[in-house]
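What follows is a set of notes on a single structure, which appears directly below.
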Number of protein chains: 2
Amino acid sequence: MTPQGNPAPVFAALSDPTRLALLLKLSDGRARSIATLSADTHLTRQAVTKHLHVLEKAGLVGSVRVGRESRFACQPEPIATARSYLDTVSRQWDDALGRLQALVER
Amino acid sequence: MTPQGNPAPVFAALSDPTRLALLLKLSDGRARSIATLSADTHLTRQAVTKHLHVLEKAGLVGSVRVGRESRFACQPEPIATARSYLDTVSRQWDDALGRLQALVER
DNA sequence: ACATTTGGCAACCTCCAGGTTGCCATTTCT
DNA sequence: AGAAATGGCAACCTGGAGGTTGCCAAATGT
């Protein structure tokens with residue numbers, strides 16, 4: 001259910017320090033339970049749960065229920081989406097700058 | 001290589017569709033007045049002004065007062081910051097995936 | 001069998017982002 | 001000089017984000 005092409009939700013998911021920290025923790029590819037992920041945080045387990053669900057809705061992580069615990073792990077596609085968006089913007093900007101400079105140097 | 005920078009504020013600035021649209025408009029490098037930027041929007045000039053100030057605080061755009069109007073234009077550095085962050089995350093993820101696959105294939 | 005770990009659900013609170021309206025100052029046009 | 005364009009400022013409203021607490025259900029350890 002990850003809409004491709006609209007980068008705003010992905011950026012929104014990335015706009016919170018707590019979620020960035022979670023992503024960094026998960027960026028080693030290992031799957032972790034909610035309890036594990038909220039262990040060394042000053043936040044409540046519920047708060048962490050909410051953040052994880054936000055990340056999941058944005059498609060940045062996926063979850064699997066294993067016994068009594070549900071494990072979360074990274075999913076890379078939306079990051080690629082966000083990166084390609086930034087690439088587009090900065091490329092257009094570079095192009096425009098290049099043209100301007102060419103005009104000036106002429 | 002590249003400077004530091006906390007990427008969360010940049011992502012926060014990028015997390016709004018209106019601001020993304022503004023950035024795209026400005027990504028051709030030309031500077032525009034607030035009135036021009038809010039011309040083909042369904043939003044109020046004030047709303048657009050607020051969004052522009054958010055982008056400015058994040059360093060994504062800069063403004064210059066020219067006569068009675070203030071012109072806004074792109075500034076590329078924070079975009080580079082955000083991109084490098086996404087690069088870091090996705091590289092770490094790729095590395096982890098690689099190690100996992102190496103383990104599995106053994 | 002019982003206690004513990006783990007997590008889902010719901011109610012609640014507070015704060016701020018996004019948006020509006022109204023008014024006023026300055027610059028530009030005629 | 002007078003009218004219009006441009007935008008800064010402030011008050012105000014509303015919804016949702018982020019966080020907490022409390023309770024309950026299911027899976028696990030002993």
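Numbers restart at 1 for each chain; the letters A, B, ... are given by sequence-line order, proteins then strands. Side chains included, hydrogens not; waters and symmetry mates left out as well; all remaining heavy atoms used.
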With a 4.5 Å heavy-atom cut-off, do [X] and [Y] have their side chains touching?
X       : Y       : result
B:Leu20 : A:Val89 : no
B:Leu37 : B:Leu26 : yes
A:Asp95 : A:Arg91 : yes
A:Lys25 : A:Thr41 : yes

Footprint string (nucleotides 16-21 of chain D, 5' to 3'): B base within contact, S backbone only, - free, heavy atoms under 4.0 Å: --SBBB
Set of salt bridge (charged side-chain N to carboxylate O under 4.0 Å, His left out) partners for B:Lys57, sequence neighbours left out: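 B:Lys57 satisfies salt bridge (charged side-chain N to carboxylate O under 4.0 Å, His left out) with no other residue.
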[X] [atom1] to [N] [atom2], straight-line distance once rounded to whole Å:
X       : N      : atom1 : atom2 : result
B:Arg65 : D:dT6  : CZ    : P     : 12 Å
A:Glu56 : C:dG8  : CD    : C1'   : 13 Å
B:Leu55 : C:dA17 : CG    : C1'   : 14 Å
B:His53 : C:dG18 : NE2   : P     : 14 Å
B:Leu37 : D:dG8  : CG    : P     : 12 Å
B:Leu20 : C:dG18 : CG    : P     : 12 Å

Pair B:Ser33-B:Thr36, side-chain donor/acceptor within less than 3.5 Å: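 Per modelled atom types, B:Ser33 and B:Thr36 side chains form a pair under 3.5 Å.
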Nucleic acid contacts - residues 67-75 of chain B versus DNA chain C, non-hydrogen atoms under 4.0 Å: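 DNA chain C contact set from residues 67-75 of chain B: B:Gly67, B:Arg68.
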Matching residue for B:Arg19 among B:Val61, B:Leu55, B:Leu60, B:Val48 - test: side chain to side chain contact (heavy atoms under 4.5 Å, CB included):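 One option only clears the test, and that one is B:Leu55.
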Mutual orientation of the aromatic rings belonging to B:Tyr85 and B:Phe11 [parallel < 30°, tilted 30-60°, perpendicular > 60°]: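 Geometry flag for B:Phe11 against B:Tyr85: perpendicular rings.
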